[in-house]
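The structure appears right after this line, and notes come after that.
Computed from a prediction, not measured in an experiment: that's the story for all the values here. Order of the sequence lines sets the chain letters (A, B, ...), proteins ahead of strands, with each chain counted from 1.
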2 protein chains.
Amino acid sequence: MYELFFKKMAEKITLTSAQQDIIKQYLIPKKIRKNQYLLQEGDVAKHAAFVEKGALRAYSVDDRGTEHIIQFAFEGWTISDLYSFLTGEAATYNVDALEDSELVLISKAAQDEILKQIPEYEVYTRLQITGAYLAMQKRLTSILSLSLEERYINLTKLYPNLIQRVPQRMIASYMGLTPETLSRVRRKIKDK
Amino acid sequence: MYELFFKKMAEKITLTSAQQDIIKQYLIPKKIRKNQYLLQEGDVAKHAAFVEKGALRAYSVDDRGTEHIIQFAFEGWTISDLYSFLTGEAATYNVDALEDSELVLISKAAQDEILKQIPEYEVYTRLQITGAYLAMQKRLTSILSLSLEERYINLTKLYPNLIQRVPQRMIASYMGLTPETLSRVRRKIKDK
DNA sequence: TCATTGCGTTGACGCTTATCAATGCGCTTT
DNA sequence: AAAGCGCATTGATAAGCGTCAACGCAATGA
């Protein structure tokens with residue numbers, strides 16, 4: 001249990017097995033079925049979720065009922081409404097499972113406790129959020145400066161997983177497009 | 001000197017004056033004139049820059065010569081090509097001054113040294129990047145789910161500074177629009 | 001087996017935004 | 001004071017994307 005979780009950590013910091021045992025005390029394993037909610041808008045995000053297996057998405061719903069996908073999370077990724085998780089305020093978006101998934105939950109209290117006891121973990125969280133920041137900046141700059149075709153091609157290269165495991169209409173939502181437009185973009189690329 | 005820099009830190013962590021003195025040894029003050037470059041695409045980002053006074057922007061230039069503004073930085077903000085700063089690879093964008101400015105530079109080596117000597121600084125950098133992440137996520141979701149008018153109004157509320165101190169065409173670039181379109185959006189809002 | 005449902009695709013149309021061009025204004029420079 | 005320049009604005013037109021509608025297909029269930 002927690003193999004991938006510690007494997008990911010080992011890529012950035014070194015922990016003794018005693019330290020790992022301390023951390024394990026605070027982790028909560030959880031299985032979640034496809035289409036099941038992990039978090040709903042209005043709830044308070046009590047946990048961050050590390051994905052051991054499966055796939056999740058975070059999304060909001062606007063006035064017109066349109067879904068906007070904020071983030072996907074596959075194996076090795078962490079997902080939560082970070083703002084709600086940190087502040088304890090109501091979540092601004094929903095998180096649900098795209099496939100049957102296995103998660104590792106970390107509560108805010110657990111995270112704080114681990115941060116206190118294990119200085120290395122502070123480094124890990126800093127590096128992790130830095131990576132997430134850079135990835136999101138890349139996503140944002142690609143929206144601002146690339147054509148739809150370029151954006152889609154980049155996405156397929158960056159996350160081959162995404163294309164195979166996620167329905168097109170969700171990819172469209174992630175890109176800020178209608179499914180029809182994405183379908184036409186794909187056609188254009190194919191025709192070349 | 002460095003007043004704002006330490007004031008901002010004091011909002012998140014507590015440092016002894018001895019610790020502050022250690023940090024000061026690694027800081028480099030720098031004045032920069034309006035329109036002057038701090039960093040150009042292709043350079044390696046050697047420093048992160050904290051803005052004590054003035055205003056800077058980070059931007060890229062695409063194939064057609066169009067500028068895309070990635071980030072503004074006013075007093076109290078930090079700016080750099082984070083990716084280049086961390087990896088030592090060539091910068092992917094430019095940073096220049098919108099006004100005569102006073103900066104506090106921190107080199108990568110200095111940062112690493114401070115992180116080693118002062119554990120509190122690790123906490124500070126983590127909280128800082130987390131805040132930047134959340135702000136960028138907000139910017140991204142507003143692009144995906146709001147109308148142009150809503151986005152512009154939000155921007156004026158969030159950063160009143162921006163509207164007063166930055167030319168419209170740069171705000172348009174920041175929003176991913178042409179100056180003409182932003183002008184029309186502003187007109188529509190005014191007419192209501 | 002047949003009906004149902006959800007998804008991706010395609011077509012027609014309209015709205016939004018980009019592009020191109022022109023004007024006026026304020027600021028700087030000489 | 002005059003000329004030159006960058007910037008914001010406005011108008012006309014074109015391109016891109018959203019919306020609405022219809023269809024085919026595969027998966028699901030009666």
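- Under 4.0 angstrom from either OP1 or OP2 of dA18(C) there lies at least one side-chain N or O belonging to Thr178(B).
- Across all strands, Pro167(A) comes closer than 4.0 Å only to sugar-phosphate atoms, never to a base (heavy-atom distances).
- Per the geometry, CD1 belonging to Ile143(A) stands 16 Å off P belonging to dT17(C), to the nearest Å.
- In summary, Asp112(B) and Lys116(B) do not engage in a salt bridge, as defined by a charged side-chain N under 4.0 Å from a carboxylate O.
- Asp81(A) and Ala45(A) get closest at one heavy-atom pair: O-CB, 3.9 Å.
- At whole-Å resolution of the value, CE in Met175(B) and P in dA18(C) are 10 Å apart.
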message = side-chain contact (heavy atoms from CB on, under 4.5 Å) for Thr125(A) and Tyr121(A)? Distances and angles first, verdict last.
response = CA-CA 6 Å; Thr125(A) 55; Tyr121(A) 186 73; 3.6 Å; yes
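- Summarising the geometry, the separation between NZ on Lys34(B) and C1' on dT28(C) is reported as 11 Å, rounded to the nearest angstrom.
- Nucleic acid contact for Leu182(B): none, since no nucleic acid atom lies under 4.0 Å from a heavy atom of the residue.
- dC15(C) atom P lies 12 Å from atom NZ of Lys188(B), rounded to whole Å.
- Leu148(B) comes within 4.0 angstrom of sugar-phosphate atoms only, judged by non-hydrogen atoms across all strands, and of no base.
- Here Arg184(A) lies in heavy-atom contact (under 4.0 Å) with a base.
- In this structure, a donor-acceptor pair under 3.5 Å is absent between the side chains of Gln111(B) and Tyr26(B).
- With rounding to whole Å, Arg151(B) atom CZ is found 12 Å from dT17(C) atom C1'.
- Remark on the helix from dT1(C)-dA30(D) to dT30(C)-dA1(D): inter-end axis angle 40°, axes from five-pair C1' superpositions, rounded to 10°.
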key: Residues Ser101(B), Leu56(B); criterion side-chain contact (heavy atoms from CB on, under 4.5 Å); working and verdict   = CA-CA 8 Å; Ser101(B) 303; Leu56(B) 283 73; 3.7 Å; yes
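- Between the side chains of Tyr93(B) and Gln71(B), no donor N or O sits under 3.5 Å from an acceptor N or O.
- Geometrically, Arg139(A) engages Tyr174(A) in a cation-pi contact defined by less than 6.0 Å to the ring centre and at most 45° from the axis.
- Here chain B contacts DNA chain D (any atom closer than 4.0 Å to a heavy atom, that is under 4.0 Å), and the contacts span dC7(D) to dA12(D) from 5' to 3'.
- Rounded to an integer number of Å, the gap from CD of Gln168(A) to C1' of dG6(C) is 14 Å.
- For Glu180(B) and dC20(C), a side-chain-to-base donor-acceptor distance below 3.5 Å is present, hydrogens and geometry of angles not being considered.
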task = With side-chain contact (heavy atoms from CB on, under 4.5 Å) as the test, would you mind laying out the steps for Leu115(A) and Arg126(B) before giving the verdict?
result = CA-CA 12 Å; Leu115(A) 283 169; Arg126(B) 173 172 64 85; 3.5 Å; yes
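- The side chain of Thr181(B) places no N or O atom within less than 4.0 Å of a non-bridging phosphate oxygen (OP1 or OP2) of dT17(C).
- With a 4.5 Å cut-off on side-chain heavy atoms, Ile171(B) and Tyr152(B) count as touching.
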